[in-house]
Asker: 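Encoded as structure tokens, here's the structure I'll be asking about.
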Amino acid sequence: MSETTTVLAFGRNHSIKDEIRAYWSKRSETFDLSVAHKIRSSGELEAWRSLVQAHAPDIAGGRVLELASGTGEFTRVLLALGCRVDGIDLSEDMVARAQAKHRGQPARFLLGDAENTMMPDDSYDAVVSRHLVWTLVDPDAAFRDWLRCLKPGGTLIIADGDWVTRSWRSKVLGSFGALWDRLSPKPKLFDADAHASIAAQLFFSEGLRAGRLKEMLAAAGFTAIRAGGLGAVPRSQLRDATWRERLGLFANYDNGFVVSARKPSARGLADSVR
């Protein structure tokens, strides 16, 4: 009598969101040590404040939803504009650090998913994110959700970049940086293997580009969409960076951008259904 062998096919018992949460929870320990994440000077803070206000002139004093608020670093920019901030992040560790950093200020931090915020309709004067969109799994769903949360006429501001596409300059500077690290090793600020594994599974795995982002925002219902560079922000970061950090900043100097858009006003919404 022959034996029959049954082979069971096991699938993954966790999702990419679980991997993202675990990665950023671990990264929370060193996030504020990284150049371009930590806002290191009053000059950089002012550069960010000016950039945000250029894209949303009426944001001062408004109610703002900050997506992927992390340790609350970019929250400092919004508070400097007099905003009342609701920050959400997928990582409990990030939320805890942000709460400790901004205790007693008009900012609250909640555990939440930026792709499905579960915030009330028509509630925010602005929705803001920094270094989030390139990590999205379902950006179309996220953009529709962000539009829903905004008040009519409210502004979306996305500060991000294409961290995948590498120019010849980026490749050369990256090689110098790798050599520098081999000659003078220092503790790693993040898990490069985990980062690469997650990045390969994301929607923008081949790079986030401003033109493509503008098209997707228009499809989600946003209007008055515009894109631009980071202004004085990169220069202010370079001033406060070590020589090793400057190699990384120069490698990505032209890759960052800001895209802003508006939810149609109440009048615009009425006109659109006529």
Asker: Of Val64, Asp86, Leu156, Val85, which meets side chain to side chain contact (heavy atoms under 4.5 Å, CB included) against Tyr124?
Answerer: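 Among Val64, Asp86, Leu156, Val85, the one that satisfies the side chain to side chain contact (heavy atoms under 4.5 Å, CB included) with Tyr124 is Asp86.
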Asker: So does Asp122 pair up with Lys263, basic N to acidic O under 4.0 Å?
Answerer: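 Yes.
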Asker: Identify each donor-acceptor pair in which a side-chain atom of residues 211-218 lies under 3.5 Å from a protein atom, sequence neighbours left out, and give them as a table.
Answerer:
none

Asker: Among residues at least two apart in sequence or on other chains, which ones pass ring-ring contact (aromatic ring centres under 6.0 Å, His included) with Phe31?
Answerer: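 ring-ring contact (aromatic ring centres under 6.0 Å, His included) list for Phe31, sorted by chain: His37.
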Asker: Identify, with sequence neighbours excluded, every residue that meets ring-ring contact (aromatic ring centres under 6.0 Å, His included) alongside Phe74.
Answerer: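 With sequence neighbours excluded, Phe74 shows a ring-ring contact (aromatic ring centres under 6.0 Å, His included) to Trp48, given in chain and number order.
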Asker: Ignoring hydrogens and angles, tell me if any N or O in the side chain of Glu44 forms a donor-acceptor pair with the backbone of Gln237 under 3.5 Å.
Answerer: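 No; judged by distance alone, with no hydrogens or angles, the pair does not exist.
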Asker: If the condition is ring-ring contact (aromatic ring centres under 6.0 Å, His included), which residues does Tyr23 pass it with, not counting sequence neighbours?
Answerer: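 Only His195 meet the ring-ring contact (aromatic ring centres under 6.0 Å, His included) criterion with Tyr23.
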Asker: For Leu111, what are the other residues in its hydrophobic cluster, where any two members join if their side-chain heavy atoms are less than 4.5 angstrom apart?
Answerer: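 Direct or chained contacts put Leu111 with Val95, Phe109.
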Asker: Under 4.0 Å between a side-chain nitrogen and a carboxylate oxygen: does that hold for Asp191 and Arg27?
Answerer: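 Looking at Arg27 together with Asp191, the answer is no, because their closest N to O distance does not fall below 4.0 Å.
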Asker: Among Ile, Leu, Val, Met, Phe, Trp and Tyr joined by side-chain contacts under 4.5 Å, find the other residues sharing a cluster with Val164 and list them by chain and number.
Answerer: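 Traced through the cluster, Val164 reaches no other member.
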Asker: Between Glu66 and Arg130, is there a salt bridge with N-O shorter than 4.0 Å?
Answerer: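 A salt bridge is absent here (no side-chain N lies under 4.0 Å from a carboxylate O).
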Asker: Enter the distance from Glu73:CD to Arg40:CZ here, rounded to the nearest 0.5 Å.
Answerer: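 Going from CD on Glu73 over to CZ on Arg40, the span is 10.0 Å.
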